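For reference, the structure discussed in these notes is given below.
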Amino acid sequence: MSEDHNYKSLSKKIVNWYKKNARNLPWRHTTDPYTIWISEIVLQQTTVQQGLEYYNRFIKAFPDVNTLANASEDEVLKLWEGLGYYSRARNLHFTAKHICQDLDGVFPTTYKELLKLKGVGPYTASAIASFAYNLPHVVVDGNVIRLISRLWGIEEAVDIKPTLSRIAEIGTQLISHQEPSVFNQAIMEMGALCCTYKNPSCDKCPVSASCVARHNDIIASIPYKSKKIKKSKRYFYYFHIIDNEGYTIIHKRSDKDIWQGLYKFPLQEVSGFDVDPNASFIGFNNHDIDTYKSRIFKQTLTHQYIHAQFCIIKLPYSVAEIDNPAYIISPNDKLSSFAWPKIIDLYFKDLSITLF
DNA sequence: AACGCGGGGAC
DNA sequence: GTCCCAGCGTT
């Protein structure tokens with residue numbers, strides 16, 4: 001029962017467990033708010049395993065806020081390519097410029113001020129406040145939600161505000177005021193390594209004796225989420241236009257849709273691949289041009305199933321003759337310098353093997 | 001409050 | 001296939 005939970009004792013056990021079992025991760029060796037900020041944004045909705053290499057590359061390319069602020073959005077997105085949730089990279093760049101231009105290059109030092117930064121929400125503000133400044137703001141991420149909801153036997157949906165608020169209150173009671181930074185690392189690490197979603201290691205858990213979910217044998221049903229995701233299907237014909245001088249047409253995605261800020265070929269979205277591609281919207285008549293159709297590429301996103309097929313159009317003249325201000329003309333051998341969605345990157349990889 | 005945003009991994 | 005991951009901005 002929750003009244004039996006001794007916050008101080010639980011907190012101490014969690015921290016002690018961490019000191020013996022912590023992974024050696026690069027962002028744990030610094031109190032530099034910039035570095036910590038980068039790590040936290042990279043790791044949002046991302047596993048440590050997937051984010052680690054991106055973090056290292058990012059810090060190497062942009063070692064301080066000034067370097068990041070002076071980079072172009074394309075450079076930032078290129079480094080982010082393949083990591084997903086690209087608004088994180090755009091907001092990161094926006095906030096770096098904001099800090100340099102409006103805050104004299106000085107990182108905010110309070111939770112409240114951190115929260116005002118674009119891309120920084122309650123979790124990230126708490127993380128920076130605790131890891132950089134040792135302030136006692138508890139982090140509530142997926143790991144913490146899982147650990148606390150099980151420990152306290154919270155069966156209510158954890159994806160609604162009242163439950164989240166209760167979990168945050170419990171975390172606030174738990175957090176060590178001597179070493180809030182270590183406690184925050186510890187409770188997340190516990191969730192990530194011990195109190196895992198599937199097959200948690202209760203036998204190695206330092207607080208399993210206090211775990212209500214374990215006591216009531218309801219671990220598998222906690223945390224409970226009420227929202228269901230609906231996936232739609234989308235079919236993309238991309239027109240890869242290659243002219244007689246080694247150039248092709250691309251453009252930057254700017255509409256409110258997936259992959260904003262990344263690049264694409266001229267695109268025709270259809271209701272299914274039983275519909276034939278029709279390049280007339282970019283001024284081509286399919287019958288006049290030597291065309292090749294790629295295999296169908298598939299990618300699953302959180303809310304969408306994407307299908308893509310690439311129609312190669314080989315032009316007997318120069319693409320410079322095509323007048324459209326939205327288009328960017330790129331040499332074929334420079335295409336890899338742009339940031340592409342995964343599904344187009346897969347096409348490039350296929351292309352290098354099968355065609356050229 | 002509900003929704004959409006990527007990609008990889010565990011099971 | 002399902003669900004998750006150092007969440008957030010928008011509507």
Side-chain angles (χ1 to χ4, degrees), chain A residues 22-23 25-28 36-55 77 80-92 94-95 114-131 137-147 157-165 168 171 181 183-193 195-200 220-232 234 253 255-262 298-306 339-346:
Chain A
R23 290 169 290 184
L25 301 172
W27 46 84
R28 287 178 175 162
I36 291 164
W37 171 54
I38 300 298
S39 74
E40 294 306 333
I41 303 298
V42 164
L43 291 169
Q44 284 173 7
Q45 293 295 284
T46 304
T47 56
V48 165
Q49 184 185 349
Q50 189 188 4
L52 193 51
E53 279 313 299
Y54 283 89
Y55 166 83
L77 283 170
W80 210 268
E81 183 184 45
L83 191 57
Y85 284 162
Y86 298 94
S87 66
R88 291 183 292 170
R90 298 195 308 271
N91 290 337
L92 207 55
F94 176 93
T95 294
L114 288 164
L115 203 51
K116 291 180 184 169
L117 302 175
K118 201 172 218 175
V120 173
Y123 164 78
T124 307
S126 296
I128 299 172
S130 64
F131 302 146
H137 294 273
V138 71
V139 287
V140 182
D141 74 332
N143 294 308
V144 174
I145 290 169
R146 189 171 55 254
L147 182 80
V158 299
D159 52 0
I160 58 172
K161 189 108 187 256
T163 316
L164 273 177
S165 300
S181 169
F183 172 82
N184 272 345
Q185 291 286 357
I187 192 166
M188 285 196 286
E189 194 81 333
M190 275 274 301
L193 300 184
C195 195
T196 50
Y197 176 70
K198 292 276 188 189
N199 305 321
S221 56
I222 295 181
Y224 165 71
K225 290 187 179 174
S226 57
K227 293 167 188 167
K228 305 286 175 240
I229 291 174
K230 202 181 169 197
K231 279 188 165 72
S232 57
R234 300 178 72 181
R253 297 185 66 98
D255 33 335
K256 285 196 161 186
D257 199 352
I258 52 174
W259 303 321
Q260 196 182 329
L262 275 60
K298 295 178 184 176
Q299 187 182 14
T300 305
L301 310 184
T302 304
H303 289 87
Q304 306 179 26
Y305 297 108
I306 306 292
W340 301 93
K342 202 67 181 177
I343 202 163
I344 297 184
D345 197 43
L346 287 173

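Keep in mind it's a predicted model, so treat the numbers as computed, not measured. Chain letters run A, B, ... following the sequence lines, proteins first and then strands; every chain starts at 1.
The line from OG1 of Thr95(A) to CH2 of Trp37(A) is 5.5 Å long, rounded to the nearest 0.5 Å. Expressed to the nearest 0.5 Å, how far CZ of Arg23(A) lies from CG of Leu193(A) amounts to 4.5 Å.
Checking side-chain atoms of Arg253(A) against main-chain N and O of Ile258(A) turns up a donor-acceptor pair under 3.5 Å. The closest donor-acceptor contact from the side chain of Arg88(A) to the backbone of Val42(A) lies under 3.5 Å. Between the side chain of Glu81(A) and the main chain of Trp340(A), a donor-acceptor pair closer than 3.5 Å is present.
Reading DNA chain B from its 5' end, the first and the last nucleotide to sit under 4.0 Å from a heavy atom of chain A are dA1(B) to dC11(B).
Nearest heavy-atom pair across Gly191(A) and Asn143(A) is C-OD1, 3.5 Å.
Considering Leu115(A), Val138(A), Val139(A) in turn, Val139(A) is the only one that fulfils the side-chain contact (heavy atoms from CB on, under 4.5 Å) rule with Ser126(A).
Comparing Asn199(A) and Lys161(A), the nucleotide of DNA chain B nearest to each residue sits closer to the 5' end for Lys161(A). In terms of position on DNA chain B, the residue among Lys227(A) and Lys342(A) whose nearest nucleotide sits closer to the 5' end is Lys227(A).
Rounded to the nearest Å, the gap between the P atom of dA6(C) and that of dC5(B) is 22 Å. Comparing the P positions of dT10(C) and dG6(B) gives an interatomic distance of 14 Å, to the nearest angstrom. Rounded to whole Å, the separation between the P atoms of dC3(C) and dC3(B) comes to 16 Å.
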Where along nucleotides 5-11 of chain C does protein come under 4.0 Å, by heavy atom, of base (B) or sugar-phosphate alone (S), with - for untouched nucleotides? BBBSSSS
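Atom P of nucleotide dC3(C) and atom NZ of Lys228(A) are separated by 6 Å, given to the nearest angstrom.
Among the protein residues, Leu83(A) comes within range of the nucleic acid bases, having at least one heavy atom under 4.0 Å from a base atom. If you check every strand for non-hydrogen atoms under 4.0 Å, Asn184(A) touches nothing.
Within 6.0 Å of the NZ atom in Lys231(A), the count of heavy atoms belonging to other residues, nucleotides or ligands exceeds 12.
Under 3.5 Å, the side chains of Glu40(A) and Tyr123(A) contain a donor-acceptor pair of N or O atoms.
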